[in-house]
Amino acid sequence: MNSAGGARQGILSCAIKDKAQLYSAYMPFLKGGGVFVATPKRYFLGDEVFLLLTLPESNERLPVAGKVVWVTPVGAQGNRPAGIGVQFAETAEGETVRGKIEALLAGSLNAERATHTM
C-alpha cells in the first residue's frame, strides 16, 4: 500500500495492490466501513481527510471523504505499520467504496486473520 499525505486535514492517496492487502486494511467493524492508510504523518482522532483510494483489479481512483477514527503511531507495539484508520463519511461515495470493497472481499470478511487494526 502506498500512501502520500498532504496537510493534516488534506488529501491522502492510497493504492491497494491485492486482496490480501485490502483485507488487512479494511475496517468492517466501523459504521459505514473504513480503511487503514499507512502513513508516517501525524493525525489526530476526528481529523477530516479526503481519500483517493485505488482498489485491486482497478485503476480507478475512488474519491471518498472520511474522518480519522484510528491512529497507530510510529513505533507501535506488535510491529504494526504507522498510519490512520479512516471511517467513510455517510455519503453516496462512501457507500460506493464500501460496496466495492465488500464485493472484492466476499467470502473472506469473516476470516480470523490479523489486520492492520484488529
Side-chain angles (χ1 to χ4, degrees):
M1 178 171 18
N2 296 326
S3 64
R8 199 171 80 210
Q9 295 179 346
I11 297 174
L12 284 168
S13 181
C14 179
I16 299 176
K17 300 193 181 327
D18 57 40
K19 289 182 183 178
Q21 205 173 45
L22 181 61
Y23 176 85
S24 293
Y26 187 51
M27 301 169 77
F29 51 87
L30 295 176
K31 182 179 178 186
V35 292
F36 179 84
V37 179
T39 177
K41 293 189 180 292
R42 188 168 181 191
Y43 288 84
F44 296 94
L45 295 176
D47 282 352
E48 294 185 6
V49 294
F50 190 79
L51 188 62
L52 293 171
L53 183 65
T54 305
L55 297 176
E57 303 172 7
S58 172
N59 291 326
E60 183 183 7
R61 292 171 67 171
L62 302 168
V64 61
K67 70 177 179 183
V68 176
V69 296
W70 182 284
V71 176
T72 302
V74 174
Q77 291 182 346
N79 235 1
R80 292 187 185 270
I84 57 171
V86 177
Q87 181 180 25
F88 301 142
E90 293 185 40
T91 62
E93 291 83 11
E95 191 64 32
T96 297
V97 171
R98 187 180 81 165
K100 288 185 177 193
I101 290 172
E102 292 188 351
L104 284 166
L105 294 177
S108 63
L109 276 175
N110 294 327
E112 295 186 9
R113 290 178 284 152
T115 67
H116 291 311
T117 52
M118 300 286 251

Give the minimum heavy-atom separation between [X] and [Y], together with the two atoms involved.
X    : Y    : value
P56  : K17  : CB-O, 3.8 Å
S108 : Y23  : O-CE1, 3.1 Å
E57  : L104 : OE1-CD2, 3.6 Å

Which side-chain N or O atoms in residues 71-85 pair as donor and acceptor under 3.5 Å with protein atoms at least two apart or in another chain?
from : atom 1 : to   : atom 2 : distance (Å)
T72  : OG1    : W70  : NE1    : 2.9
R80  : NH1    : T115 : O      : 2.9
R80  : NH1    : H116 : O      : 3.1

Heavy-atom side-chain contact between [X] and [Y] under 4.5 Å:
X   : Y   : value
E93 : T96 : no
Y43 : V86 : no
S13 : R61 : yes

**Report entry** Any residue meeting side chain to side chain donor-acceptor pair (under 3.5 Å) with E90, in chain and number order, not counting sequence neighbours
**Finding:**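 Not a single residue meets the side chain to side chain donor-acceptor pair (under 3.5 Å) criterion with E90.
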Query raised in the report: About how many Å separate CG of L22 and CG of L53, when rounded to the nearest 0.5 Å?
Result: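 L53 atom CG to L22 atom CG measures 8.0 Å (nearest 0.5 Å).
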Query raised in the report: Nearest 0.5 Å, what's the CG-OG1 distance between L62 and T54?
Result: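 So the gap between those two atoms works out to 7.0 Å.
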Could you list the donor-acceptor pairs under 3.5 angstrom formed between side-chain atoms of residues 24-37 and any protein atom two or more places apart in sequence or on another chain?
from : atom 1 : to   : atom 2 : distance (Å)
S24  : OG     : A20  : O      : 3.3
Y26  : OH     : E102 : OE2    : 2.6

